[in-house]
Amino acid sequence: LIEWINRTLKEEHIVVKSLEEDLYDGLVLHHLLENLGSLKLDVDKIALTEKKQRQKLSVIMEAVAKCLQLEESQLKWSVESILTKDLLSTLHLLVAIAKHFDPNLALPPNVQVETITIENTTRGLKTANAVEYITEDKENTEAQSRDDAFDELFSCAPDKLDAVKKVFLEFVNQHVGKLGLNVKDIESQFSDGVILLILIGQLEGYFVNLRNFFLTPASTTEMV
């Protein structure tokens with residue numbers, strides 16, 4: 001999240017080092033919302049007093065709830081919790097903003113923390129443990145249907161494809177080279193399955209009987 005904020009606000013020369021210490025006064029949140037959602041908030045950029053900060057956060061929280069179409073009962077943060085540097089509330093707020101404005105941000109799923117609530121009662125201290133979920137369970141999100149790393153490589157960074165292929169070629173030749181084989185082209189030399197079978201055998205430490213497949217297949221049927 002810190003990297004995402006700094007990347008988003010790089011042109012504004014804003015650098016966040018701590019979510020607790022750098023977001024509580026609303027300055028970074030203000031810039032973040034203006035940058036991501038083109039929201040124009042009717043508050044001062046810099047709020048120096050606690051009263052001004054609370055007022056600024058109130059405007060920001062209202063704007064966030066309106067954008068995200070959330071009822072007050074659905075909010076896992078508040079003006080007071082952000083102002084008092086509550087990390088859990090800050091995380092919930094940032095994750096919600098990121099999911100709405102930058103849904104492709106690769107937030108790890110199933111992030112949870114154990115919270116301990118301590119209450120001072122007439123009989124002494126009372127503690128209660130609970131599990132707080134920061135990001136959703138992957139099984140309940142659409143993350144499963146999103147592209148994996150190789151899909152993203154082909155669609156988003158085709159210029160890096162040759163570098164990846166080079167790394168794979170070095171890996172393959174490191175293993176099949178022990179048998180006097182040399183792979184120069186992944187597409188053509190892997191298409192008949194022979195190198196793949198030999199590579200698997202080398203990696204797993206066993207010998208595939210040559211009678212089980214065609215070492216020099218001459219037809220599509222023999223390749224299959």
Side-chain angles (χ1 to χ4, degrees), residues 1-11 14-19 32 35-36 87-88 91-92 94-115 131-224:
L1 286 168
I2 289 174
E3 289 176 0
W4 170 66
I5 293 170
N6 289 336
R7 188 169 64 248
T8 304
L9 301 181
K10 184 178 180 180
E11 292 184 3
I14 290 177
V15 178
V16 170
K17 295 181 178 179
S18 164
L19 296 182
L32 195 61
N35 193 291
L36 291 170
L87 180 58
L88 279 180
L91 285 173
H92 281 307
L94 287 174
V95 168
I97 292 173
K99 281 175 59 182
H100 180 78
F101 291 108
D102 194 356
N104 290 325
L105 184 66
L107 288 170
N110 310 320
V111 176
Q112 59 188 38
V113 294
E114 185 177 357
T115 61
V131 174
E132 188 95 13
Y133 288 88
I134 306 299
T135 59
E136 292 177 329
D137 187 332
K138 190 173 183 178
E139 293 180 359
N140 296 328
T141 66
E142 295 179 356
Q144 286 178 311
S145 62
R146 284 173 50 187
D147 292 345
D148 64 16
F150 286 102
D151 290 322
E152 291 187 8
L153 179 66
F154 278 96
S155 61
C156 303
D159 54 311
K160 296 180 181 177
L161 191 58
D162 286 338
V164 174
K165 286 163 67 175
K166 183 180 177 182
V167 171
F168 277 128
L169 276 176
E170 290 174 356
F171 166 74
V172 171
N173 285 320
Q174 179 185 348
H175 294 282
V176 302
K178 299 170 187 175
L179 300 176
L181 298 170
N182 183 42
V183 177
K184 294 181 179 179
D185 185 83
I186 287 181
E187 287 95 328
S188 62
Q189 288 182 266
F190 267 86
S191 64
D192 61 11
V194 176
I195 294 293
L196 186 59
L197 275 173
I198 294 171
L199 177 64
I200 292 170
Q202 286 293 298
L203 293 173
E204 294 293 330
Y206 59 77
F207 178 73
V208 182
N209 196 314
L210 297 181
R211 288 180 298 179
N212 291 347
F213 66 99
F214 295 90
L215 196 58
T216 54
S219 64
T220 303
T221 303
E222 291 181 359
M223 292 178 189
V224 172

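Position 1 is the first residue of the sequence, and the numbers go up from there. Model, not experiment: these values are computed from the prediction.
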- Please name the pair of heavy atoms, one in Ala98 and one in Leu105, separated by the smallest distance, quoted to 0.1 Å. CB-CD2, 3.8 Å
- Sub-3.5 Å donor-acceptor pair from the side chain of Thr135 to the main-chain atoms of Asn110, do we have one? yes
Just list the side-chain donor-acceptor pairs under 3.5 Å for residues 175-196, sequence neighbours left out, or say none.
| residue | atom | partner | partner atom | Å |
| --- | --- | --- | --- | --- |
| Asp185 | OD2 | Glu187 | N | 3.3 |
| Asp185 | OD2 | Ser188 | N | 2.7 |
| Asp185 | OD2 | Ser188 | OG | 2.8 |
| Glu187 | OE2 | Lys165 | NZ | 3.3 |
| Gln189 | OE1 | Lys184 | N | 2.6 |
| Gln189 | OE1 | Asp185 | N | 2.9 |
| Gln189 | NE2 | Asn182 | O | 3.2 |
| Ser191 | OG | Ser188 | O | 2.8 |
| Asp192 | OD1 | Val194 | N | 3.1 |

- Task: Take atom CD of Glu11 as the centre, draw a 6.0 Å sphere, and report whether it contains more than 12 heavy atoms from other residues, nucleotides or ligands.
- Result: no
- Item | Chi angles and distances behind the side-chain contact (heavy atoms from CB on, under 4.5 Å) call for Leu94, Ile5 | CA-CA 9 Å; Leu94 287 174; Ile5 293 170; 4.0 Å; yes
- Note, Leu1 side chain near Leu107 side chain (heavy atom, < 4.5 Å): yes
Nearest 0.5 Å please: distance from the [atom1] atom of [X] over to the [atom2] atom of [Y].
X: Leu32; Y: Trp4; atom1: CG; atom2: CH2; result: 4.5 Å
X: Asn6; Y: Ile14; atom1: CG; atom2: CD1; result: 9.0 Å
X: His92; Y: Ile134; atom1: NE2; atom2: CD1; result: 4.5 Å
X: Leu19; Y: Leu87; atom1: CG; atom2: CG; result: 6.5 Å

Using distance only, find each side-chain donor-acceptor pair of residues 201-224 under 3.5 Å and give its atom names and separation, not counting sequence neighbours.
| residue | atom | partner | partner atom | Å |
| --- | --- | --- | --- | --- |
| Asn209 | OD1 | Arg211 | N | 2.9 |
| Ser219 | OG | Glu222 | N | 3.3 |
| Glu222 | OE1 | Ala218 | N | 2.6 |

